[in-house]
Amino acid sequence: MRLKNKVCLITGVASGMGRAAARRFAQEGAKVVGTDVQAPAGEAAMQEVKAQGGDGFFVAGDISRPEDAREMVRRGVERYGRLDVLYNNAGIFPSDDCSVINTEPEVWDLVYRVNLKGMYLMCRYGIPEIIRGGGGSVINIASFVALVGCSVPQDAYTSSKGAVIALSKSLAVQFGPKGVRCNAVCPGPVETPLLMQWLLSNPAEKAKRINRIPMGRLGKPEEIVALAVYLASDESAWTNGAAIVVDGGITANYF
Ligand SMILES: NC(=O)c1ccc[n+]([C@@H]2O[C@H](COP(=O)([O-])OP(=O)(O)OC[C@H]3O[C@@H](n4cnc5c(N)ncnc54)[C@H](O)[C@@H]3O)[C@@H](O)[C@H]2O)c1
């Protein structure tokens, strides 16, 4: 077990990669504080973890609301006594986020509120607890789109994920000396429900994207979570301030 007894707070456990992370982290021996704004689905995900013999519980809340973010951390520390890992996975990619020239200001603000302000708030309340417990790891989910341009733009999402990488480096430098490492993960396109229902529901659109991936397929949630297990574990004790790409080679592909 690579995460035995580590207290890990994961945001966005109701769906996709967060759900897969809650399951795998518990299998690796972590005590999982699973959080999400979708209460019934998040609760169901954590029930699944417990049914498999895992240790964890669910806290409902919106990461972009300071009182909710503070409460998620407080409830985790109350139950398990400390926090070792903050896994900032929750993020949104609304379909009406397009180019700067045709994205509405409300959509832009919403994306930034969740993807960036939410991460800031979780770090604001989570990092002091990790320091108090003697150190640990912050894992911030960015995206491969922060590293390459795309002719089908999602400019609010893309730029918010670029900011996630910059924020992660700043946190790594500030809190590394206090024993808290911070790394960003840049997944390529992963088969999660939202992406499949929306962006990839059209076979031609799906094929266009798969053609760009040297591995010839989309990623699986578990393949991103595998890196997160490393980053949460003591195996990554000297990995700090990195932006690690897991994308089947898509960002390495010129033609
Ligand atoms: N799916 C992909 O291809 C892909 C690629 C690169 C990066 N990412 C990033 O990976 C992360 C997970 O993506 P996913 O595909 O699993 O998405 P998903 O939509 O399946 O899951 C995201 C979860 O976050 C939750 N959430 C959204 N807003 C929230 C809020 N304000 N407070 C609390 N929880 C909230 C949702 O309810 C949902 O359960 C996101 O940050 C996403 O941007 C996804």
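Order of appearance sets the numbers: ligands from 1, and atoms from 1 within every ligand.
There is no side-chain donor-acceptor pair under 3.5 Å between T239 and R181.
Sorted by first then second residue, the side chain to side chain donor-acceptor pair (under 3.5 Å) pairs that include residues 47-59, not counting sequence neighbours, are R19-E48, R23-E48, E43-Q47, D55-Y80.
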Please set out all donor-acceptor pairs under 3.5 angstrom arising from side-chain atoms of residues 242-250, sequence neighbours excluded.
unit_1: D247; atom_1: OD1; unit_2: G249; atom_2: N; d: 2.9
unit_1: D247; atom_1: OD1; unit_2: I250; atom_2: N; d: 3.4
unit_1: D247; atom_1: OD2; unit_2: I250; atom_2: N; d: 3.3
unit_1: D247; atom_1: OD2; unit_2: T251; atom_2: N; d: 2.7
unit_1: D247; atom_1: OD2; unit_2: T251; atom_2: OG1; d: 2.8

What donor-acceptor contacts under 3.5 angstrom involve side-chain atoms of residues 170-179, with partners at least two apart or in another chain?
unit_1: S170; atom_1: OG; unit_2: Q174; atom_2: NE2; d: 3.1
unit_1: Q174; atom_1: NE2; unit_2: S170; atom_2: O; d: 3.3

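Residues V138 and L231 do not share a hydrophobic cluster, clusters being chains of Ile/Leu/Val/Met/Phe/Trp/Tyr side chains in contact below 4.5 Å.
At most 12 non-hydrogen atoms from other residues, nucleotides or ligands lie less than 6.0 angstrom from CZ of R124.
Protein residues lining ligand 1, listed by chain and number: G12, A14, S15, G16, M17, D36, V37, Q38, G61, D62, I63, N89, A90, G91, I92, F93, V114, I141, A142, S143, Y157, K161, P187, G188, P189, V190, T192, L194, L195 [non-hydrogen atoms, distance under 4.0 Å].
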